Amino acid sequence: MILTVTMNPSVDISYPLEKFNLDTVNRVVKVSKTPGGKGLNVTRVLKQLNDEVVATGLIGGALGTDIQKKLLEKGIKNNFFEISGETRNCIAILHEGNQTEILEKGPTITKSESDNFLEHFEKLVKSKEIKIIAISGSLPDGLEINYYSKMIEICEKYKKSVVLDCSGKALLEVLKNEYKPKVIKPNTEELSQLIGKDVSKNPDELKKVLKDKLFEKIEWIIVSLGADGAFAKHNDKFYKVNVPNIKVVNPVGSGDSTVAGITSAIHENASDQDLLRKANVLGMLNAMEKLTGFVNLENYDKLFNEVEILEI
Ligand code: ADP
């Protein structure tokens, strides 16, 4: 079974409008409200793959209850830790081909909640059923910047692998710490942020960057490159993944879908080639759909065979 972690989930509200009128009333007819946050996108894709998955993280208030209810309705197991703060709303206004987003910051976590979640997390991690943990997204306010390192330390104690998809200071802190995730999946923007200079999609440059001391002891680094596929390092091996042209509908959440593919492939002990294929195919399948964290698996086999993997 796979454990997914979402520390700052949200109820994602989508307001489609023909025209967005500033400084006046906008009436919305078709509203959709879905559980959101990167970790929950990963969870939904894993569920569609028929992988056994349980979601954890922090939730609170009426919106937290709503998330639990909606996940259960979809048959998604979850074991969240309840906090006193309120889970946030994130609003996307879709208008005239644009997407205007209003993102709440979310609750501030207290010291005791921060400590108690680690105990809750340890109980889940040590369960025999859990084989791998996928941690995604940002940390809410109140948690120390090295919080993911503490979580990874717990996973290491029980010899469980971690796939980590976060960015900025939280990721940098993990890379500097002695407890390492098995996989990280930055895109080039996140990679540039990490090393403090612009990184292009050029494979030779990426190869050089990934040899940096900062990435030592991380078994897999998979840099997702959007329409250019991915560039990956697995121990001493380097791969360039080329993907076919696809009809992109909405690429939001493609990285999360890729993370689901990586986690699922490690869970089933897939070869390097199959892991990279699965990860990229799921990223593509998400980009081909309107919904975030949704994949139509009918096209899976066709795309799987079209992905090209070159060891370089
Ligand atoms: P993130 O959302 O983290 O920035 P990417 O945009 O790199 O992630 O997308 C993740 C994966 O999804 C890519 O590695 C690729 O396999 C697939 N993908 C995303 N956008 C496209 C696209 N326009 N064409 C083909 N594949 C895509």
Side-chain angles (χ1 to χ4, degrees), residues 4 6 12 36-46 48-49 90 92 99 101 103 134-138 163-168 170-171 181 183-194 198-203 205-206 209-210 220-234 238-265 270 272-297 299-310 312:
T4 62
T6 316
D12 287 352
K38 288 164 72 65
L40 288 177
N41 295 338
V42 174
T43 311
R44 266 198 294 271
V45 174
L46 287 169
Q48 288 162 75
L49 289 170
C90 286
Q99 178 157 337
E101 297 191 16
L103 309 180
I135 303 176
S136 308
S138 57
V163 179
L164 177 69
D165 183 19
C166 69
S167 56
L171 178 55
V183 188
I184 57 170
K185 188 226 70 68
N187 55 28
T188 45
E189 201 182 318
E190 290 159 350
L191 202 56
S192 305
Q193 236 181 40
L194 265 186
D198 273 358
V199 181
S200 76
K201 293 182 176 181
N202 177 295
E205 186 184 349
L206 286 167
V209 168
L210 299 191
W220 270 105
I221 305 158
I222 302 176
V223 184
S224 65
L225 305 172
D228 291 323
F231 184 85
K233 175 179 185 288
H234 184 203
F238 291 87
Y239 299 98
K240 173 69 186 64
V241 182
N242 295 323
V243 295
N245 277 331
I246 54 164
K247 194 168 166 282
V248 176
V249 178
N250 176 14
V252 176
S254 288
D256 303 332
S257 197
T258 297
V259 167
I262 296 167
T263 312
S264 173
D272 286 11
Q273 292 265 338
D274 285 354
L275 180 152
L276 292 170
R277 277 179 201 276
K278 189 168 201 173
N280 280 271
V281 170
L282 288 169
M284 283 187 273
L285 288 175
N286 177 83
M288 290 160 79
E289 300 292 328
K290 208 167 111 190
L291 295 175
T292 300
F294 178 79
V295 288
N296 178 355
L297 295 172
N299 297 319
Y300 186 93
D301 290 340
K302 183 175 172 283
L303 289 174
F304 194 88
N305 292 321
E306 285 175 5
V307 171
E308 181 187 46
I309 297 168
L310 307 169
I312 58 170

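Numbering of ligands and ligand atoms starts at 1, following listing order. The chain is numbered in sequence order, starting from 1. This structure is a prediction, so every number in the text was calculated from the model and none was measured.
- Proximity of a side-chain donor or acceptor of Gln48 to a complementary backbone N or O of Arg44 within less than 3.5 Å is detected.
- Residues Thr258 and Lys185 have side chains that never bring a donor and an acceptor to within less than 3.5 angstrom of each other.
- Under the side-chain contact (heavy atoms from CB on, under 4.5 Å) test applied with Trp220, the options Ile184, Leu275, Val163 reduce to a single match, Leu275.
- Scanning all protein heavy atoms for the shortest distance to atom 10 (C) of ligand 1 gives Thr258 OG1, 3.4 Å.
- A donor-acceptor pair is defined here as one N or O able to donate and one able to accept, closer than 3.5 Å; such a pair exists between the side chain of Ser257 and the backbone of Leu282.
- Residue-to-ligand polar distances place Ser224 within reach of ligand 1: an N/O pair is separated by less than 3.5 Å.
- Atom 22 (C) of ligand 1 has as its closest protein heavy atom Ala227 CA, 3.4 Å.
- Taking atom 16 (O) of ligand 1 as the reference point, the nearest protein heavy-atom neighbour is Asn280 OD1, 2.8 Å.
- Annotation: atom 18 (N) of ligand 1 to nearest protein heavy atom, Gly226 O, 3.6 Å.
- With ligand atoms numbered from 1 in the order given, ligand 1 contributes 1 (P), 3 (O), 4 (O) to contacts under 4.0 Å with heavy atoms of Asn187.
- Which parts of ligand 1 touch Leu225 is read off a 4.0 Å heavy-atom cut-off, strictly below it: atoms 7 (O), 14 (O).
- The backbone N or O of Val252 lies less than 3.5 Å from a partner atom in the side chain of Asn286, making a donor-acceptor pair.
- Contact atoms of ligand 1 toward Val248: 22 (C), 23 (N) (distance under 4.0 Å to a heavy atom of the residue).
- Glu289 places no side-chain N or O within 3.5 Å of a backbone atom of Val295 that could act as its donor or acceptor partner.
- Phe231 CZ to Asn242 CG: the interatomic distance, rounded to the nearest 0.5 Å, is 11.5 Å.
- Below 3.5 Å of separation, one finds an N or O of Gly229 facing an N or O of ligand 1.
- In terms of polar-atom proximity, Gly255 is counted as a contact of ligand 1, with an N or O under 3.5 Å from an N or O of the ligand.
- In summary, the side chains of Thr43 and Thr4 do present a donor paired with an acceptor at a separation below 3.5 Å, with no hydrogens or angles considered.
- In this structure, the protein non-hydrogen atom closest to atom 3 (O) of ligand 1 is Lys185 NZ, 3.0 Å.
- Remark: minimum distance from atom 26 (N) of ligand 1 to any protein heavy atom is reached at Met284 CG, 3.3 Å.
- Using a distance-only test at 3.5 Å, with no hydrogens or angles considered, no donor-acceptor pair links the side chain of Thr292 to the main chain of Gly253.
- For atom 9 (O) of ligand 1, the nearest non-hydrogen atom of the protein is Ser254 CB, 3.6 Å.
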